Amino acid sequence: MHPRVRTFTCVCAFVVGLAATLGASAETLKVGATATGVPFTFLDVKSQSIQGMMVDAAQAVAKAGGFEVEVQQTTFAALIPSLTAKKIDLISAAMLRTPAREKVVQYSDPVFRYGEGLIVRADDATAYTRMEDLQGEVVGAQVGTVFIDELNKRGIFKEVRGYDSIADLMRDLTLGRIKAGFADRPILAYQMAQGTHDKIRLVDGYQPVIMGEVCLILRKGETTTLEQVNKGIAAIKADGSLDRIIEKWKLN
């Protein structure tokens, strides 16, 4: 082959390869998030999209980790079943790491850490500090959370009622159908700060039983995706992006 022809062919091959590389889109992972976990995840009625701290975190992790995400609304109780059934690829929500869950799914490196909070009616001035202070009462928590599992395990309550959302839990507490409710403290604190729940109070002196880590959650065995996710988490911790997201949502 003539040297000029060979050179031209090589240049063409390089251009085609470069174009293919630039044209190839990054992998897009479907992320499951709830519509009722303000400020971690919630449905923004103006944009009709899921927003929140864990949505921002997932998007920042994806950018730093070299992939893209598509956020999908999923009920809390359906998050893990949807993940294992491959309807979604990641969970980004206020779902604490537990040994029981780790038997089914795998967790990324930690993104945030917190415990449960206690809410009672505003006219209940009792200084509750432990779950045992409510022994014999009717209490409630969100279905699918570690909090309702803990309440049931203790066996000291008259009844433990499960709710699909924290909003439903708060409604029944306001109406006096339950004595107290347990849920993610940052979510309760955020909602109470909005000033729309004047008949409920968040008990300041209550000491949480369950302190846990919020992570991104994946299917077991997906080591490559886990490496990408953890790479992204490390990057947003190092450059301060995660701290800015936490500050934005008033969680620090």
Side-chain angles (χ1 to χ4, degrees), residues 26-44 46-47 49-74 76 79-80 82-83 88-99 101-102 105-117 142 145-147 166 183-194 202 208 210-220 222-252:
E27 180 184 14
T28 300
L29 301 180
K30 296 178 181 179
V31 177
T34 69
T36 56
V38 179
F40 288 101
T41 58
F42 66 95
L43 178 64
D44 179 70
K46 292 183 179 179
S47 64
S49 63
I50 301 296
Q51 302 291 328
M53 177 266 184
M54 285 301 289
V55 175
D56 288 354
Q59 292 170 339
V61 167
K63 182 177 180 181
F67 58 97
E68 297 178 357
V69 290
E70 174 187 317
V71 180
Q72 299 185 358
Q73 180 178 332
T74 311
F76 191 89
L79 284 170
I80 289 180
S82 296
L83 180 66
I88 57 176
D89 303 302
L90 290 173
I91 295 172
S92 187
M95 179 176 283
L96 298 179
R97 181 202 297 262
T98 68
R101 287 173 177 160
E102 286 189 300
V105 295
Q106 64 178 343
Y107 283 71
S108 72
D109 291 337
V111 175
F112 192 68
R113 179 177 171 82
Y114 68 90
E116 85 274 9
Q142 189 176 8
T145 65
V146 294
F147 310 129
I166 293 177
D184 310 82
R185 183 175 175 83
I187 295 177
L188 293 175
Y190 184 90
Q191 294 198 12
M192 297 299 293
Q194 306 311 303
L202 179 61
I210 303 170
M211 289 298 297
E213 297 171 340
V214 176
C215 312
L216 295 177
I217 305 172
L218 306 82
R219 281 183 290 275
K220 279 186 170 293
E222 298 189 346
T223 55
T224 301
T225 304
L226 181 62
E227 289 173 0
Q228 285 181 290
V229 168
N230 283 339
K231 173 186 173 183
I233 292 173
I236 67 172
K237 285 181 177 179
D239 68 9
S241 297
L242 182 57
D243 288 337
R244 289 191 290 273
I245 291 170
I246 291 171
E247 171 63 26
K248 171 185 173 181
W249 294 102
K250 310 301 181 186
L251 290 172
N252 53 357

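No hydrogens, no waters, no symmetry mates; every other heavy atom, side chains included, goes into these values. All of these numbers come straight from a predicted model, not from anything done at the bench.
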* **Ionic contact status for Lys30 with Glu70, cut-off 4.0 Å** => no
* Between Ser92 and Ala58, what is the shortest heavy-atom contact and its length? -> OG-CB, 3.7 Å
* Asked: Could you give the distance from CD (Glu68) to OG1 (Thr28), rounded to the nearest 0.5 Å?
  -> 4.5 Å
* **Results of side chain to side chain contact (heavy atoms under 4.5 Å, CB included) for Asp243 - residues two or more places apart only** => none
* Verdict with reasoning, Leu43 to Gln73, per side-chain contact (heavy atoms from CB on, under 4.5 Å) -> CA-CA 8 Å; Leu43 178 64; Gln73 180 178 332; 4.1 Å; yes
* **Reported CG-to-CG distance for the pair Leu29 and Leu216, which is rounded to 0.5 angstrom** => 10.0 Å
* Any side-chain donor near an acceptor of the partner, Thr34 and Thr41, under 3.5 Å -> yes
* Is Met95 close to Ile80 at the side-chain level, that is, under 4.5 Å between some pair of heavy atoms? -> yes
* To do: Can you see which heavy atom on Tyr107 is nearest to which on Leu96, and at what distance?
  => OH-O, 3.1 Å
* Asked: Do Ile233 and Ser108 touch side chain to side chain, with heavy atoms closer than 4.5 Å?
  -> yes
* Asked: Are any non-hydrogen side-chain atoms of Ile236 and Lys63 less than 4.5 angstrom apart?
  -> no
* Structure fact -> Residues Leu251 and Pro39: closest non-hydrogen pair is CD2-CG, 3.8 Å
* Sub-6.0 Å ring centroid separation between Phe42 and Trp249 -> yes
* side-chain contact (heavy atoms from CB on, under 4.5 Å) between Phe76 and Thr36, worked out -> CA-CA 8 Å; Phe76 191 89; Thr36 56; 5.8 Å; no
* Calculate, to the nearest 0.5 Å, the distance between atoms CZ and CZ belonging to Phe112 and Phe40 respectively. => 5.0 Å
* Do Arg101 and Pro99 touch side chain to side chain, with heavy atoms closer than 4.5 Å? -> no
* To do: Taking all non-hydrogen atoms of both residues into account, name the closest pair between Asp109 and Cys215 and its distance.
  => O-CB, 3.8 Å
* Structure fact -> Given the options Leu226, Thr223, Val105, Leu218 meets side chain to side chain contact (heavy atoms under 4.5 Å, CB included) only with Leu226
* **Backbone N/O of Glu102 and side chain of Gln106: donor-acceptor pair under 3.5 Å** => no
* Asked: Who passes side chain to side chain contact (heavy atoms under 4.5 Å, CB included) against Arg219, sequence neighbours left out?
  -> Leu83, Lys86, Asp89, Glu222
* Around atom NZ of Lys231, are there more than 12 heavy atoms of other residues, nucleotides or ligands at under 6.0 Å? -> no
* Heavy-atom pair of closest approach, residues Met53 and Val111 -> CE-CG1, 4.0 Å
* Nearest 0.5 Å please: distance from the CG atom of Asp184 over to the CD1 atom of Ile166. => 5.0 Å
* Write down the atom of Ser82, the atom of Thr74, and the distance for their closest heavy-atom approach. => OG-CG2, 3.8 Å
* Hey, is Glu116 close enough to Arg185 for a salt bridge, meaning N to O under 4.0 Å? -> no
* Structure fact -> Distance col, row Lys248:NZ vs Arg244:CZ, nearest 0.5 angstrom, shows 12.0 Å
* Asked: Passes side-chain hydrogen bond (donor to acceptor under 3.5 Å, both in side chains), Thr225 versus Glu227? Steps please.
  -> CA-CA 5 Å; Thr225 304; Glu227 289 173 0; over 6 Å; no
* How long is the gap from CE on Met54 to CG on Leu90, to the nearest 0.5 Å? -> 10.0 Å
